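Down below is the structure, laid out as structure tokens.
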Amino acid sequence: MKIASWNVNGIRARLDHVSDWLQINQPDVLTLQETKVMDEMFPLDAFKPLGYQVNIYGQKSYNGVAVLTKKPLTEIKKGISGFKDDQTRVITGTYNGVLIINVYVPNGQSVGSEKFDYKMRWLKHFYAYLQTLLKTHQKIVILGDFNIAPADIDVHDPELWKNKVLCSENEREWLNQILGLGFVDSFRLFEQQERLYSWWDYRAAAYRRKMGMRIDLILISEALKKGCMKSYIDETPRGQDKPSDHAPVLIELS
DNA sequence: ATGGTCGATAGTCGA
């Protein structure tokens, strides 16, 4: 089973990229973040001919998540239970006996800002949500744009980004708390090349200059660890015309 | 170079 995640930065602006990528890669599940569209305007019709069903949780202009699946997703939940959030950032559902949690963690803007406080508060509620899900599920995949680079190895210039948003101790501590519930960063289960990232700023030709960060993650629970055969990033779409600023990330489970 | 570039939207805001 192939499971993938992609922050598309606007699904309507990325329809061709996503359609082409689906046809080539044929994932069983693709989770999307930053769809940036209200549900009634989501281009559902584009995916039916490709053999995908779509579950959406969107809003106007900002945020928005979706899950594309070859077979029906079940036990679908939108948002974080017990946390009233006016931003659409989480869809949870079950596929092939695996609980899929599609997440778009708040960006946080800058350390100490109001948006950063919201990110911290949000992560606290997300953590509690995971705790409750762990009581009833063993096979869990949490994937999406975490807006946290797990370690310095995931940052093109760790000194430049030291204590900055996406890299601060507080953010990394929340990620470690989540991992401490019994998850592993699937990417680091395997030997990887150096300087592999999942996001590059549009500005300053960051992609060409390899100035990126790995902030799109696929965490898997202990029960899935043995069966995880691959975890990788597909940079191909980032090098094409009018790309998202993020690349798709994938795992393959036996 | 204290900016740079995108997407959604119709002013700017958020990333």
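Keep in mind the model is a prediction, meaning the values are calculated, not measured. First the proteins, then the strands, lettered A, B, ... as listed; each starts at 1.
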Can you name the residues that form a side-chain contact (heavy atoms from CB on, under 4.5 Å) with A:Arg195, not counting sequence neighbours?
A:Tyr197
Any side-chain donor-acceptor pair under 3.5 Å between A:Gln138 and A:Ser221?
no
For atom C1', what is the distance between B:dT2 and B:dG11, given to the nearest Å?
24 Å
Anything under 3.5 Å between a donor and an acceptor, one on a side chain of residues 72-83 of chain A, the other on a protein residue two or more places apart or in another chain? List them.
{"residue": "A:Thr74", "atom": "OG1", "partner": "A:Thr94", "partner atom": "O", "Å": "3.4"}
{"residue": "A:Glu75", "atom": "OE2", "partner": "A:Thr94", "partner atom": "OG1", "Å": "2.6"}
{"residue": "A:Lys78", "atom": "NZ", "partner": "A:Ile56", "partner atom": "O", "Å": "2.7"}

Span of DNA chain B in contact with chain A (heavy atoms, under 4.0 Å):
B:dG4 to B:dA15
With nearest nucleotide decided by heavy atoms, which residue, A:Gln109 or A:Arg203, maps closer to the 5′ end of DNA chain B?
A:Arg203
Are side-chain N/O atoms of A:Asn96 and A:Lys71 paired as donor and acceptor at under 3.5 Å?
yes
Would you measure the distance from the P atom in B:dC13 across to the matching atom in B:dG4 and give it in whole Å?
16 Å
Between the side chain of A:Arg214 and the main-chain N/O of A:Ser198, is any donor-acceptor distance below 3.5 Å?
no
A:Trp200 and A:Tyr207 aromatic ring geometry - parallel, tilted or perpendicular at 30°/60° bounds
perpendicular
Heavy-atom nearest nucleotide on DNA chain B for A:Asn147 versus A:Ala204: which residue maps closer to 5'?
A:Ala204
Rounding to the closest angstrom, what is the interatomic distance between B:dG3 and B:dA15 at atom C1'?
16 Å
Have a look at A:Tyr207 and say if it touches a base, only the backbone sugar-phosphate, or nothing, with a 4.0 Å heavy-atom cut-off.
nothing
Please state the C1' separation for the pair B:dG14 and B:dT9 - nearest whole angstrom.
12 Å
